[in-house]
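See below for the structure under consideration.
Worth knowing before you read on, the calculation uses all heavy atoms, side chains too, and leaves out hydrogens, waters and symmetry mates.
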Amino acid sequence: MISLRYHAVSIAAVFLALAVGVFLGASGLSDRLLSAVSAERDDLSTQVDKLTAERNELAAAQQSADEFAARVGPAAVRNLLPGKTVALVTTGADQADRDALAALVGQAGATVTGEVALTDAVADPARADQLRELTSQLLPSGAQLPAASDTGSLAGGLLGAVLVARGGQPQSTPDQAQAVLSGLAAAGFVRPGDTPKPANLVLVLTGGALSGIDAGDAAAVTARLAAELDRAGAGAVLAGRSGSASSTGPVGVARAGGSATAGLSTVDDVDTGSGRVAAVLALREQLDGRVGRYGSAESANDGASPAL
């Protein structure tokens, strides 16, 4: 009996020792884990602080660059477009970009003849057939639509016939131009407004990357429309905000369009001061029969802007 009690006490002592050992070991392991987690937290916090500082420095540098471009922009573009005329075509454009560019065009010596503001309906696949039929119905006598069947090319061909002067001469009468734009406005494809006079050059102004299931197709409509306006007269520039050079942005689609859009100059950062100056310089470039891709995106193969 004493022997059994002795064994029982011994077994209990062993289990107690094991429990104490496990507890002490777990406590040591927990301390090491907490120490490692704390060190990793401190390291991540340091990295976050570093990245935040770098972001703030970049933002400050961008602001300084924009302020500099805003100050020197008028001098940089002065008399680049003396006596020329420019028509604005906007689609998803920011009003601040539009106003700043219109002012720069004026400072370059050109006159903005007016604006045609496209609505989202132009790129809506559900209304593509309606727009195709309307382009044929509204086309002024003597004008021709491109052989392509996509809505961007057809709409661009129709607008080119009324917005662009070819060889210095209008391609349609004022009444024809008004009929075209009134018909498009009545169908909801453009916003109502005054009819611009025919211009030498066209500036197509858009926003950034588009979103949604049909984003790529919608961006292609704008890119092809701009390309047709480019072919209609002395040239056109397609300018968008940061993000517009992506695969779902009009500038990005235009740059990937091959020969169909090869004659169109593009700018991908018109939301910056330097990008706005680049857009006006690109208009001059078009007038001289040259073309380029400008901005801050990787696909801006010709740098930040055309050379003065």
ask   = Leu205 and Leu88: side chain to side chain contact (heavy atoms under 4.5 Å, CB included), yes or no, with the steps?
value = CA-CA 7 Å; Leu205 190 59; Leu88 291 178; 5.7 Å; no
Mind listing the closest non-hydrogen atom pair of [X] and [Y] along with its distance?
X      : Y      : answer
Ser305 : Ala278 : CB-CB, 3.5 Å
Thr261 : Ala223 : CG2-O, 4.1 Å
Leu159 : Val116 : CD2-CG1, 4.5 Å
Arg127 : Ala121 : NH1-CB, 3.4 Å

ILVMFWY network linking [X] to [Y], side-chain heavy atoms under 4.5 angstrom:
X      : Y      : answer
Val251 : Leu229 : yes
Leu163 : Val190 : yes
Val270 : Val89  : no
Leu201 : Leu281 : yes

What I'd like to find out is whether the side chain of [X] reaches to under 4.5 Å of the side chain of [Y], using heavy atoms alone.
X      : Y      : value
Gln176 : Ser141 : yes
Leu145 : Leu158 : yes
Pro146 : Glu228 : yes
Pro196 : Leu181 : yes
Val164 : Val202 : yes
Thr195 : Pro174 : no
Leu154 : Leu131 : no

Main-chain N/O of [Y] paired with [X] side-chain donor or acceptor, under 3.5 Å:
X      : Y      : value
Arg166 : Ala232 : yes
Ser246 : Gly243 : yes
Glu285 : Gly292 : yes

request  = Quick one: pull up CZ in Arg284 and CZ in Arg290 and give me the separation to the nearest 0.5 Å.
outcome  =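 CZ of Arg290 is found 8.5 Å from CZ of Arg284.
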request  = Would you give the length of the straight line joining atom CG of Asp124 to atom OG1 of Thr119, rounded to the nearest 0.5 angstrom?
outcome  =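 Result: 9.0 Å between the selected atoms.
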Do [X] and [Y] meet the criterion of a side-chain donor-acceptor pair at a distance under 3.5 Å?
X      : Y      : answer
Arg98  : Thr90  : no
Gln286 : Ser265 : yes
Thr85  : Asn200 : yes

Residues Val291, Leu264; criterion side chain to side chain contact (heavy atoms under 4.5 Å, CB included); working and verdict = CA-CA 6 Å; Val291 63; Leu264 182 68; 5.6 Å; no
task = Under the side chain to side chain contact (heavy atoms under 4.5 Å, CB included) rule, what do Val277 and Val77 come out as? Steps first, then yes or no, please.
result = CA-CA 7 Å; Val277 172; Val77 304; 4.1 Å; yes
inquiry  = Using a 6.0 Å cut-off, check whether atom CG of Asp120 has over 12 heavy atoms from anything other than its own residue.
reply    =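 Incorrect, the count does not exceed 12.
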inquiry  = Against Ser242, only a single residue in Asp268, Asp269, Thr272, Asp271 fulfils side chain to side chain donor-acceptor pair (under 3.5 Å); can you say which?
reply    =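 Testing each of Asp268, Asp269, Thr272, Asp271 against Ser242, the sole residue satisfying side chain to side chain donor-acceptor pair (under 3.5 Å) is Asp271.
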Leu118/Leu225 under side chain to side chain contact (heavy atoms under 4.5 Å, CB included): CA gap, chis, key distance, verdict = CA-CA 11 Å; Leu118 306 179; Leu225 183 148; 3.7 Å; yes
